[in-house]
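Indexing begins at 1, ligand by ligand and atom by atom, following the structure's order. It should be emphasised that the depicted structure is a prediction, and the values quoted were computed from it without experimental measurement.
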Amino acid sequence: MTAPTPIITRQRFEVKRRKLTVLAREEISPQMLRLVLGGPELVGFASPGSDDHIKLFVPDGAGGQAMRDYTPRAYDPKRGTLTVDFALHEAGPATAWARGAQIGDPAEIGGPRGAQLIDGPIARWLLIGDETALPAIARRIEELALGTPVTSLVAVQGPAEEQKITSQAEHVALWVHRTDPTDASGLLAALARIALPEQTFVWIAAEAGVAKALRAALTERGHPTAWLKAAGYWVAGAADRSEKEL
Ligand SMILES: Cc1cc2nc3c(=O)[nH]c(=O)nc-3n(C[C@H](O)[C@H](O)[C@H](O)COP(=O)(O)OP(=O)(O)OC[C@H]3O[C@@H](n4cnc5c(N)ncnc54)[C@H](O)[C@@H]3O)c2cc1C
């Protein structure tokens, strides 16, 4: 008998650019800013996967336009709202734009261009990441079926950055506090204490070096690569960089 494996289905969509408006702004924690976008052009928006991403078009500070990847944290077609959570850091056009965004400001997005849906004989989930992955992690936890076992292990700056995630899944939330987001040691130490029974799907997204270290720790423990997905959501010291398939 062949070992069960998860099924990853890739979907492709026609890329559409949308001119939206900032409808609401909320500091959900000291370092996490939530913007709610909306407008007539949001009609037809689709984001089936919890780790989908949109492109956000923002001024590059030199008269041009920059684009950065963000997770559709929530989409409500009835209300016509798209929620995006920004992990605030020191520099970068997307972060600068979000910090300064006011209700009524224009906001332009593109995509999602596609989605990867992870399904199949998954008995439990382990979701690991940093602040930039928290929107995708929280969304997946919220979308899991009733009673599905899921553990999240998220590195944040301190207790004030921990978010309450409401879900019908059986969720265990683990938090690691650290100041340097390129320091993987806290996450690695916590991961070493987590059991990895068969059919555990592990999803990772963080700074690329941190995500690689976590991925390596899992493969060293013999966790099958078919049962893990890792991405570098940003690369320390490099603007506009990610490593989406580690
Ligand atoms: C698929 C995907 C989904 C993502 N979803 C989200 C999301 O929902 N929310 C979110 O906040 N981010 C998300 N990110 C990460 C986000 O795209 C990057 O953090 C991006 O670099 C931010 O753009 P910027 O203009 O602020 O900084 P950039 O101009 O890209 O970078 C400027 C400098 O800041 C550094 N930097 C970038 N991000 C961080 C950070 N978080 N902390 C410290 N230093 C940083 C860079 O290394 C560079 O030195 C996602 C990334 C991917 C690939």
Nearest-0.5 Å distance, [atom1] of residue [X] to [atom2] of residue [Y]:
X    : Y    : atom1 : atom2 : value
S50  : L144 : OG    : CG    : 7.5 Å
L191 : H223 : CG    : NE2   : 9.5 Å
L42  : L20  : CG    : CG    : 5.5 Å
T5   : I122 : OG1   : CD1   : 10.0 Å

Mind checking whether [X] has an N or O less than 3.5 Å away from an N or O of ligand 1?
X    : value
R68  : yes
H89  : yes
P135 : no
F86  : no
P93  : yes
G237 : yes
R241 : no

At a non-hydrogen distance cut-off of under 4.0 Å, which region of [X] contacts ligand 1 (side chain, backbone, both, or neither)?
X    : answer
E207 : neither
A239 : both
V235 : backbone
Y70  : both
D51  : neither

Please report which non-hydrogen protein atom sits nearest to [atom], along with the residue it belongs to and the distance in Å to one decimal place.
atom                    : value
atom 8 (O) of ligand 1  : T71 N, 3.1 Å
atom 41 (N) of ligand 1 : T132 CG2, 3.3 Å
atom 46 (C) of ligand 1 : A238 O, 3.4 Å
atom 3 (C) of ligand 1  : Y233 CE2, 3.4 Å
atom 11 (O) of ligand 1 : A87 N, 2.8 Å
atom 9 (N) of ligand 1  : D85 O, 2.8 Å
atom 19 (O) of ligand 1 : W234 CB, 3.9 Å

**Item:** Atom of S47, atom of D52 and distance for their closest heavy-atom approach
**Value:**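 Closest approach of S47 to D52: OG-OD2, 2.7 Å.
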Looking at [Y], is its backbone amide N or carbonyl O close enough to the side chain of [X] to form a donor-acceptor pair, meaning the two atoms are under 3.5 Å apart?
X    : Y    : value
T81  : V36  : no
R139 : P72  : yes
R73  : F86  : no
Q163 : I165 : no

Subset of ligand 1 atoms that lie under 4.0 Å from at least one heavy atom of [X]:
X    : value
S242 : 53 (C)
D240 : 28 (P), 30 (O)
H53  : 1 (C)
K244 : 53 (C)

**Message:** Taking R25 first and then E27, would you say they form a salt bridge - that is, a charged N and a carboxylate O separated by under 4.0 Å?
**Reply:**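 Between E27 and R25 there is a salt bridge, with a charged N closer than 4.0 Å to a carboxylate O.
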**Asked** Got a salt bridge between R178 and D183, using NZ or NE/NH1/NH2 to carboxylate O under 4.0 Å?
**Response**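 Looking at R178 and D183, the cut-off is not met.
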**Asked** Can you list the residues that meet the ring pair (Phe, Tyr, Trp, His ring centres under 6.0 Å) rule with W125, with sequence neighbours excluded?
**Response**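 Checked W125 against ring pair (Phe, Tyr, Trp, His ring centres under 6.0 Å); matches are F201.
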**Test ring pair (Phe, Tyr, Trp, His ring centres under 6.0 Å) applied to Y75 - qualifying residues, sequence neighbours left out** =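 Per chain and number, Y75 pairs via ring pair (Phe, Tyr, Trp, His ring centres under 6.0 Å) with F45.
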From [atom], work out which of [options] has a heavy atom at the shortest distance.
atom                    : options              : answer
atom 26 (O) of ligand 1 : D69, D180, T95       : T95
atom 33 (C) of ligand 1 : A136, A91, P181, G92 : A91
atom 25 (O) of ligand 1 : A94, A66, A231, P72  : A94

**Request:** Tell me whether Y233 is reachable from I204 by hopping between hydrophobic residues (I, L, V, M, F, W, Y) whose side-chain heavy atoms are closer than 4.5 Å.
**Result:**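 In one cluster with I204: Y233, no.
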**Request:** Please check if any side-chain donor atom of H177 sits under 3.5 Å from a side-chain acceptor atom of E161, or the reverse.
**Result:**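 Per modelled atom types, H177 and E161 side chains form no pair under 3.5 Å.
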